[in-house]
Amino acid sequence: MIRRLEPQSGEVIDRESPLKFTWNSKKYVGYAGDTIVSALLANNRQVFSRSMKYHRPRGVLTADYWDPNTTVQVGTEPNVRGAHRLLEADMKVSAQNAWPSLDFDIKAANGLFGRFLTAGFYYKTFIKPQRLWPLYEKVLARFAPGGVVDLNTPHGYHDKRYAHPDVVVAGGGPAGLAAAISAAKAGMSVMLVEQNHRLGGHLRWGTDQDRETADDLEESARDAGVEILTDSAVTGRYDDNWIAISQRDHPGVVERLIKARAKTLVVAAGLVERPYVFSGNDLPGVMLSGAVRRLINMYAVRPGNRAVVLTANAEGDAAVADLERAGVEVARVVDARAGETISKAAGSSKQLGSVTLADGSTVKADLLVTAAGWTAPTSLLNMSGDRPSYDPAAARFFPTALPDNVIATGGLVGDGSLDELIAHGISSGELAAQRAAAVKHRLRSTVTRAQNPQGPEPPVQPDRRIGLSRAPHPELYRSDTHGMVDFSEDVSSKDLVSAAAEGFDSVELVKRFTTATMGPSQGKLETVNTVAVLAEARGETIEEVGTTVWRPPYAPISLGALAGRVFEPVRVSSLHEWHTAHNMTPILAGQWIRPEHYGDPGAEVTNVRTNVGIIDVTPLGKLDLRGPDVPKLLNLLYTNKWSKLPVGRVRYGMMCAEDGVVLDDGVTGRLGEDHYLMTTTSSGAGQIWQWVEMWLQTEHPDWQVHVTPVTTGLTSINIAGPKSRELLMRLVDDVDLSAEAFEYMNVRTGTIAGVPDCFMWRIGFTGELSFEVHVPAGFGLHVWEQLIEKGADLGIGPFGLEAQRIMRLEKGHFIVGQDTDGLTKAPTTGLRALIKLDKDDFAGKPELEWALAPEAPELPVLVAITPTDPRLVPDEACQILREGTTEIVGRITSSRFSPSLQRSICLGQVTPEFAAAGTTLTVRLCDGSDATAKVMEHHAHFDPEGVRLRG
Amino acid sequence: MLLVPCPHCGPRNSADMSYRGEASSRPDPASTTPAQWRDYLYMEHNPAGWLRENWYCSSGCRRFFTVERHTVTSEFREPPLPGSKTALPLSKTAEAGAGTDQQGGEK
Amino acid sequence: MAEPEFRSSVTTLTATPAGAPALTDESALTKASVRAQVGASPLGVDFTRTAKRDGVLIAAIRPDEWLLLGSANDVEALLATARFDASVNRIDITHSRLCLRLTGARSASALEKVCSLDFDDTMFPDGATGSASVAKVSSDLIRDDIDGEPSYLLLADRSFGQYLYDAIHDATTEFADAL
Amino acid sequence: MIRRNRAPRYSAAALLWRGARNDSWPRVWRDPALKKSYDVVVVGGGVHGLATAYYLAANHGIKNVAVLDKAYLGSGGSGRNTAIVRSNYLTPEGVAFYDRSLDLYNTMSADLNLNVMFSERGHLTLAHTDSAVRTMRWRAEVNKLQNIDSSVIGPDEIKKIAPSLDTSPNTRYPILAALYHPPGGTIRHDAVVWAYARAADAYGVDMHQKTEVVDVVCEGGDGPDGKGPGAKVTGVRTSKGDISTPVVINCTAGWASLIAAMAGIQLPITTHPLQAAVTEPVKVFLPTVVVSGSLHVYVSQTDRGELVFGASVDPFATYDMRGTLDFTEELAGHVLELMPAVSQMRLLRQWAGLCDITPDYSPVMGFTPVEGFLCDVGWGTYGFKAGPVSGEQMAKCVADQATPDLISPFALSRFDDGVLVGEKGAAAVGH
Ligand SMILES: Cc1cc2nc3c(=O)[nH]c(=O)nc-3n(C[C@H](O)[C@H](O)[C@H](O)COP(=O)(O)OP(=O)(O)OC[C@H]3O[C@@H](n4cnc5c(N)ncnc54)[C@H](O)[C@@H]3O)c2cc1C
Ligand SMILES: NC(=O)c1ccc[n+]([C@@H]2O[C@H](COP(=O)([O-])OP(=O)(O)OC[C@H]3O[C@@H](n4cnc5c(N)ncnc54)[C@H](O)[C@@H]3O)[C@@H](O)[C@H]2O)c1
Ligand SMILES: Cc1cc2nc3c(=O)[nH]c(=O)nc-3n(C[C@H](O)[C@H](O)[C@H](O)COP(=O)(O)O)c2cc1C
Ligand SMILES: [Zn+2]
């Protein structure tokens with residue numbers, strides 16, 4: 001049979017451009033403009049998938065985006081909507097849910113057991129023996145529907161953008177087009193979004209006159225400057241009219257997400273035709289009226305040879321006319337408005353053969369067309385907070401109360417002639433424009449950088465549109481037989497009835513028990529039928545039963561589009577290029593990329609301890625603090641005292657949150673009378689800045705302090721090792737670096753390698769004589785290179801984070817967040833002397849006061865630990881146990897092998913009972929064995945007196 | 001995406017803001033009892049209705065402010081006020097989301 | 001000893017395709033931050049507005065912060081003449097901030113791909129400033145048209161330099177003339 | 001083990017028998033009338049409330065129990081969670097507690113005679129940084145001490161378990177290691193709710209859906225209407241009528257603060273939405289549960305083929321369950337970091353549930369300062385897996401009038417004492 005019709009006046013195919021493609025590895029030819037499905041139908045292919053549970057053969061149902069039966073695999077892309085996706089040259093299309101082939105599917109045997117595979121059958125079976133369930137589960141998983149993900153799909157390039165249109169119109173049918181045009185003519189910027197490839201909505205498959213109207217409207221829209229997006233969908237409406245649009249017609253990217261803050265949203269989504277429930281309603285050859293009209297008028301495809309048409313509306317009547325024009329024999333028109341209906345369809349497993357009417361008569365046919373009414377796709381309205389209500393006279397749901405910034409028009413709100421629809425669209429566009437103007441005015445008067453608007457804010461316009469009437473429509477949901485309700489989930493009306501009888505009798509429970517409405521069309525085809533069947537079963541009305549929750553997205557959107565271009569900021573210091581050129585092994589630390597080492601961290605340690613090394617510590621948080629009240633601020637945030645810090649001195653401090661838990665630590669120096677530089681941990685930099693601002697802005701707005709983050713404005717380099725002074729002296733002329741003139745814990749400002757305004761502090765995490773220099777970042781590389789050059793004869797070498805970690809551990813310095821955790825209160829660190837309870841106030845003081853009270857339970861203690869076996873380095877996080885038990889009494893928080901001491905060294909938290917120097921600890925190693933270790937007297941394993949450091 | 005009315009910038013995307021939790025007042029540390037202090041640290045009104053809460057305009061003007069927001073409808077009301085402080089440096093949830101990585105305090 | 005040479009954190013520049021908005025690196029400009037109490041107006045420029053004085057661009061980027069951009073000499077000269085009271089602080093932030101300039105008819109469209117602010121002429125006119133996240137980095141944006149051609153300055157933490165440059169550059173390529 | 005007195009047992013044979021005779025199944029639970037008084041009123045028909053009611057009847061013979069829910073059973077977090085169960089927590093008290101829950105889940109299908117489809121497919125928590133690796137090891141070490149199967153594995157092994165993960169070292173967030181927990185997995189969350197409800201019903205427990213508690217009636221307290229510390233519960237008011245009862249158990253998760261306020265009690269809880277999403281189905285390719293704390297995402301694939309995703313809670317407190325676009329954007333971005341191959345898969349639906357977040361990511365369980373008013377709340381983003389053990393222990397708490405050891409670390413009074421539970425140490429989105 002030749003299915004391609006003679007040229008049709010409204011056809012969208014280009015007969016001059018044939019396209020070759022394959023379907024299940026066989027070659028076919030279609031035309032440009034064809035969808036995959038129209039091309040296959042024209043080639044006389046009728047079965048496109050197997051159903052999910054019973055593996056019944058499925059043909060075209062709606063012939064549009066929502067068709068549940070024509071989802072196919074295209075190359076590596078799974079779940080392509082075959083009745084929407086346009087054919088492309090050399091497409092490789094295959095069926096998804098059939099094995100070994102679409103024609104012969106072994107799993108179809110499931111169909112025979114249909115009566116046993118009732119809803120929820122999983123829950124009732126495979127219970128015993130329970131040990132077999134994993135096996136069953138594997139088998140069930142084989143039945144998963146859908147296509148195949150190619151695990152080699154590369155990380156593609158995706159795109160995204162923001163937009164601030166005055167009006168977004170969802171739906172490019174006559175109503176949406178008219179609204180877009182009138183809003184644009186009123187001076188608004190308008191985005192019109194249409195899911196189909198062409199504008200015009202239902203007019204595209206209507207009469208020549210319909211199409212002419214569509215073309216005219218489209219032209220006016222373009223003239224009015226409307227931004228038109230086709231093959232795109234408004235996928236969600238979120239808080240404050242934040243609108244998600246998936247755009248598929250943008251050159252260069254497959255799909256991109258537009259995030260639009262629309263001042264008003266016009267929803268002109270039209271109507272979705274609803275299938276009718278009866279026995280055999282999923283046989284290939286049973287189609288909706290919209291499907292046959294699209295196939296004939298747009299794709300010039302003959303949907304069958306001999307048809308029965310069930311019609312309850314003008315669309316069904318129009319389908320009859322189309323069929324006749326296309327040469328299809330219309331054997332019988334069953335008019336629901338006259339009380340007629342059909343009862344069941346029968347045929348071979350792959351093709352409809354006959355239709356039985358409710359009056360008992362049977363008509364032979366290979367095509368059954370139903371026009372049973374519409375579902376209002378109220379999804380976007382529900383997302384806007386509306387709860388649409390059901391009107392039995394019109395047999396569909398209508399919006400009730402929408403927020404001011406959402407306006408519905410077209411088929412969603414009522415029926416009417418094309419002129420009436422357009423008129424309603426026009427008045428909706430005007431209303432949308434007026435309301436958008438009010439929002440625009442408000443924004444321009446409240447957003448400080450905006451140009452203030454003229455005149456007072458226009459009042460929110462009341463809705464004075466002349467409404468659309470509601471055409472009466474028979475309530476046609478289920479015939480006297482049972483049939484499919486959810487085609488993608490293979491849920492029948494019988495399943496719903498028995499679920500309700502079992503007690504899953506609210507719409508939400510029945511949904512979850514049967515999975516009805518949970519498939520790819522998310523209820524657009526099946527919600528109302530589900531509700532209707534449930535209402536029937538419970539003897540309630542559709543309104544009483546209500547619907548399930550509509551949720552975003554309106555139409556599925558790819559993860560690639562949602563992800564967009566991935567913005568994962570990366571931070572590097574001014575020395576990054578140098579590190580890269582010098583063999584660094586990088587490590588990620590938050591957003592920073594830093595050198596972990598340059599080949600051999602152990603050697604780097606030794607070099608620092610014997611010669612001199614330099615490390616890039618730029619990520620160290622740095623806050624410039626200015627003003628007369630800085631000491632008050634420091635006193636408030638640190639646990640120790642700051643009032644008497646002289647100019648030129650630095651001091652270490654620890655900060656707590658108000659619960660007494662250690663928050664951060666670092667050194668702060670006084671650079672001038674009212675000028676301080678605070679350093680924080682690298683990972684704490686952002687948080688502490690905010691913390692400081694919060695105290696200043698909320699508790700002490702009267703204090704005069706200005707905080708400026710200068711973390712990356714200063715390239716920070718620690719020069720450490722016995723030869724560090726000698727090295728620095730070669731680069732600094734204007735500061736006396738001698739031990740007497742520049743003591744430990746002092747800060748100086750001077751010129752390094754010709755760079756003025758550098759800070760130098762004598763502090764160090766490594767335990768060596770060291771200078772931490774902070775250099776204006778634009779000159780950071782210069783200073784670093786000068787250090788390397790001038791230190792060559794001193795044996796200078798760079799060192800990385802790992803060497804620093806080893807050295808700080810040799811010195812017993814703890815790291816906030818590693819040696820402390822989310823519950824570690826300040827006294828645990830051992831720095832009791834830094835907690836000054838005689839200060840009036842500081843963050844966390846009351847908790848620390850109570851924690852240190854004599855009657856308070858003792859806190860865990862941070863101790864230095866040395867394993868008995870000097871070669872053994874217990875992994876960090878190994879647990880410390882009470883000997884002979886599994887009772888946890890502590891854990892190793894840091895551990896390394898010390899190149900300086902040639903033995904392993906650790907820090908750990910232990911309960912007070914185990915904290916005394918000399919206590920023997922049992923450490924459970926990761927391999928399950930136990931090792932002993934001893935608690936040391938000092939935190940510092942290396943140079944406990946700090947001789948080297950002060951040198 | 002919610003628009004949060006910053007008193008300085010005007011309405012801003014919530015993504016450009018940090019949420020700082022219920023507005024509370026800090027007991028006087030000199031005279032506070034454990035009960036009062038822990039109330040300040042941990043207890044929440046958590047109403048389903050109008051809530052006074054703090055925000056920080058972190059990507060905008062960097063000011064803290066207090067607003068009233070309805071926790072069911074997400075509406076804001078009343079002109080925003082200067083901020084009040086919260087006990088912990090980040091809101092609990094921010095920390096819950098931060099995962100373990102951000103907690104490592106490398107020097 | 002080698003002379004110190006200022007280096008930007010944008011180390012690799014990419015050519016602007018024809019027709020696309022041009023992205024240039026102006027990080028070497030001197031940037032000074034003037035801080036005062038909220039509500040004060042030490043330079044007579046209101047929050048979110050800019051002014052040009054003696055070759056210096058003054059941008060009121062925060063209710064308590066004014067950014068001065070220009071050559072070192074001009075900025076210094078301007079600061080020297082300004083009469084501030086004791087509560088005002090000035091901090092050189094030349095090295096803390098990276099500064100990019102995006103110029104061209106479609107520069108607002110390019111920015112829309114990385115920033116959620118509304119760049120409509122009425123919402124972000126010439127001479128306005130605003131702060132927002134750009135490709136997930138907190139940034140200050142200043143509209144500073146050149147001879148009627150839309151142009152934006154973008155300032156952000158220096159350490160993001162290359163990342164931000166690449167992200168914005170990528171956003172501009174879409175607007176290049178078709179080949 | 002329950003003995004069902006009325007309803008027929010589920011089995012394949014019974015299914016065949018009924019199928020062959022076209023018999024329908026009887027109701028899973030009754031739709032009883034509201035009685036004037038109950039021995040115990042459980043507020044909240046989620047897994048916690050239903051399990052509590054079930055164990056009260058099954059283990060302690062307390063059967064005059066009502067479970068009240070303002071909507072349908074499972075309409076709260078229990079019906080909208082990503083159903084990940086595991087026991088590899090950080091603290092010994094946490095591990096012991098969740099391990100007991102996993103035991104109960106393991107035998108639940110047989111115990112309650114309904115297949116809850118517990119899929120012991122293993123649970124991978126990915127670590128992308130050194131500090132995350134350290135925390136994983138911490139958890140593994142604590143777990144091992146309690147005989148929990150949990151260990152740290154490297155990229156090669158990870159790749160074997162989940163080939164779709166990008167384990168190459170040059171990604172933005174390279175996968176350095178993972179905590180692997182073979183006994184973890186997923187479960188059919190709705191089935192768990194139904195199984196408890198059906199089993200409780202068999203003992204005569206009354207389930208009242210669409211019955212909202214609007215007040216808790218107290219006497220003798222310091223606060224208004226005799227509520228607050230020192231008070232004693234005498235009943236509840238509901239949208240369907242008043243009930244007198246000496247015991248009210250608050251199992252309302254996201255709404256917990258509101259019910260507690262009705263008794264004059266404040267909780268250390270804020271309510272935040274947690275969102276989740278599913279994709280369209282594809283053939284099964286992801287055999288295990290994958291969680292990344294630093295990327296704020298967790299993902300598993302159902303037997304139906306959909307990927308189910310979750311992330312961390314929304315940043316600000318609200319009772320609104322609408323969901324946001326930011327969530328899906330972040331989620332997709334992070335999922336593609338981990339599994340670039342799924343970029344062509346499409347998101348089908350997103351939703352949200354309410355989570356009751358506490359400062360130490362641990363629940364609030366047991367007695368309160370109001371006599372007869374108990375709480376089983378604060379379940380945050382992790383409470384589904386705790387349903388069985390919580391029900392068992394709360395029932396014991398009521399029956400014995402004493403706090404069982406397993407839940408004593410979670411008492412409300414810890415916040416008065418300032419002694420929080422240590423799970424805060426590893427605060428990740430670890431489900
Ligand atoms: C998206 C998401 C993903 C999650 N993922 C996981 C996970 O993977 N693993 C995990 O372990 N946990 C997870 N959780 C958390 C878990 O779902 C919850 O902690 C758990 O379900 C709580 O159960 P519940 O029985 O305490 O409360 P819920 O199930 O929330 O039940 C509370 C019930 O109380 C009812 N109620 C409220 N107020 C009233 C009133 N006034 N009168 C009567 N009834 C009332 C509600 O209607 C509701 O049904 C997730 C949560 C969400 C939202
Ligand atoms: N829909 C039909 O099958 C059909 C057929 C004949 C007549 N009618 C009548 O036409 C009227 C409807 O006209 P109309 O202009 O309101 O609708 P329409 O059906 O002509 O057009 C609506 C358009 O909106 C699109 N759309 C829906 N949701 C979208 C979204 N979220 N994003 C992007 N695009 C989206 C659809 O693809 C469709 O093209 C009704 O009165 C109806 O009786 C409808
Ligand atoms: C584990 C899990 C899997 C789900 N899978 C699907 C699905 O395949 N299709 C679907 O439509 N919804 C799915 N949902 C979401 C539910 O439809 C629903 O959105 C969710 O339970 C929240 O309820 P609500 O949307 O009615 O508020 C799933 C939910 C969960 C918890
Ligand atoms: Zn602001």
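In what follows, chains are A, B, ... by sequence order, proteins preceding strands, each numbered from 1.
Between D:Leu325 atom CG and A:Asp239 atom CG the span is 11.0 Å, to the nearest 0.5 Å. Between atom CG of residue D:Asp326 and atom CH2 of residue A:Trp242 there is a gap of 7.5 Å, rounded to the nearest 0.5 Å. In this structure, the separation between CD1 on A:Ile557 and CD on D:Gln350 is 10.0 Å, given to the nearest 0.5 Å. For the atom pair A:Gln591 CD and D:Arg172 CZ, the distance stands at 7.0 Å (nearest 0.5 Å). In this structure, the separation between CZ on D:Arg349 and OG1 on A:Thr517 is 6.5 Å, given to the nearest 0.5 Å. If you take CG on D:Leu176 and CG on A:Leu588, they are separated by 8.0 Å, rounding to the nearest 0.5 Å.
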Going through the checks in order, is the side chain to side chain contact (heavy atoms under 4.5 Å, CB included) test met by D:Gln146 and A:Thr886? CA-CA 8 Å; D:Gln146 270 152 305; A:Thr886 55; over 6 Å; no
Intermediate values then yes/no, side chain to side chain contact (heavy atoms under 4.5 Å, CB included), D:His334 and A:Glu568: CA-CA 10 Å; D:His334 289 155; A:Glu568 293 286 356; 3.2 Å; yes
Take A:Glu489 and D:Arg304 through the test side chain to side chain contact (heavy atoms under 4.5 Å, CB included) and record every step on the way to the result. CA-CA 10 Å; A:Glu489 298 286 309; D:Arg304 282 159 48 87; 2.6 Å; yes
Checking D:Leu145 against A:Ile888 for the side chain to side chain contact (heavy atoms under 4.5 Å, CB included) test, could you report, in this order, the C-alpha distance in whole Å, the side-chain angles of both residues, the deciding distance, and whether it holds? CA-CA 9 Å; D:Leu145 289 170; A:Ile888 297 169; 3.6 Å; yes
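The distance between the ring centers of D:Trp29 and A:Phe504 falls below 6.0 angstrom.
In this structure, D:Arg198 does not pair ionically with A:Glu502, as no charged nitrogen and carboxylate oxygen lie closer than 4.0 Å. A salt bridge links D:Arg134 with A:Glu876: the distance from a Lys NZ or Arg NE/NH1/NH2 to an Asp or Glu carboxylate oxygen falls below 4.0 Å. With salt bridges taken as basic N to acidic carboxylate O contacts below 4.0 Å, one links A:Asp505 and D:Arg27. A salt bridge does not link D:Asp190 with A:Lys511: every distance from a Lys NZ or Arg NE/NH1/NH2 to an Asp or Glu carboxylate oxygen is 4.0 Å or more. A salt bridge links A:Glu77 to D:Arg346: one of the charged nitrogens lies within less than 4.0 Å of a carboxylate oxygen. A salt bridge links A:Lys259 and D:Glu329; the closest N-O separation between the charged side-chain nitrogens and carboxylate oxygens is under 4.0 Å.
With a threshold of 4.5 angstrom between heavy atoms, A:Asp875 approaches chain D through its backbone and through its side chain. Neither the backbone nor the side chain of A:Ile892 comes within contact range of chain D; no heavy atom of the residue lies under 4.5 Å from a heavy atom of that chain. Using a 4.5 Å cut-off between heavy atoms, A:Phe513 touches chain D through backbone and side chain atoms alike. Residue D:Leu331 does not touch chain A at all, counting heavy-atom pairs closer than 4.5 Å. For a residue to count as touching a neighbouring chain, one of its non-hydrogen atoms must lie under 4.5 Å from one of that chain's; by this rule A:Thr515 touches chain D with the side chain only.
Per-residue heavy-atom pair counts under 4.5 Å with chain D were compared for A:Glu255, A:Gln96, A:Arg81, A:Glu887, and the maximum is reached by A:Arg81. Of the listed residues (A:Lys160, A:Met518, A:His158), the greatest number of heavy-atom pairs within a distance under 4.5 Å of chain D belongs to A:Lys160. Counting heavy-atom pairs closer than 4.5 Å to chain D, the top-ranked of the candidates A:Val566, A:Leu509, A:Thr820, A:Thr824 is A:Leu509. Taking A:Ile593, A:Val254, A:Thr893, A:Val549 one by one and counting their heavy-atom pairs under 4.5 Å with chain D, the maximum is reached by A:Val549. Chosen from A:Ala244, A:Ser506, A:Pro78, A:Pro552, the residue pairing most often with chain D at heavy-atom distances under 4.5 Å is A:Pro552. Contact count against chain D (heavy-atom pairs under 4.5 Å) is highest for A:Gly560 among A:Gly928, A:Ser246, A:Gly560, A:Gly385. Among D:Gly418, D:Ser119, D:Ala352, the residue making the largest number of heavy-atom pairs under 4.5 Å with chain A is D:Ser119.
Using a 4.5 Å heavy-atom threshold, the side chains of A:Lys124 and D:Asn115 count as separate. Contact of the D:Trp138 side chain with the A:Arg891 side chain is registered, since non-hydrogen atoms from C-beta on lie closer than 4.5 Å. Counting heavy atoms from C-beta outward, A:Leu559 and D:Leu347 have side chains that approach closer than 4.5 Å. Counting heavy atoms from C-beta on, the side chains of D:Ser131 and A:Gln818 never come closer than 4.5 Å. Considering only heavy atoms from C-beta on, A:Pro556 comes within 4.5 Å of D:Glu280 through its side chain. At a threshold of 4.5 Å between non-hydrogen side-chain atoms, the residues D:Tyr10 and A:Tyr123 do not count as touching. A:Val148 places none of its side-chain heavy atoms less than 4.5 Å from the side chain of D:Val282. By the 4.5 Å heavy-atom criterion applied to side chains, A:Asn79 and D:Gln344 are not counted as neighbours.
Just one of A:Thr153, A:Val149, A:Leu562 meets the side-chain contact (heavy atoms from CB on, under 4.5 Å) condition when paired with D:Ser343; it is A:Thr153.
Of the possible polar contacts, none joining the D:Arg322 side chain to the A:Arg551 backbone as a donor-acceptor pair under 3.5 Å is found. Of the possible polar contacts, one joining the D:Lys144 side chain to the A:Cys926 backbone as a donor-acceptor pair under 3.5 Å is found. Counting only distance, with no hydrogens or angles, the side chain of D:Lys283 and the backbone of A:Gly146 share a donor-acceptor pair below 3.5 Å.
With sequence neighbours excluded, the residues forming a side-chain contact (heavy atoms from CB on, under 4.5 Å) with D:Val284 are A:Ala141, A:Ala144, D:Gln301, listed by chain and number.
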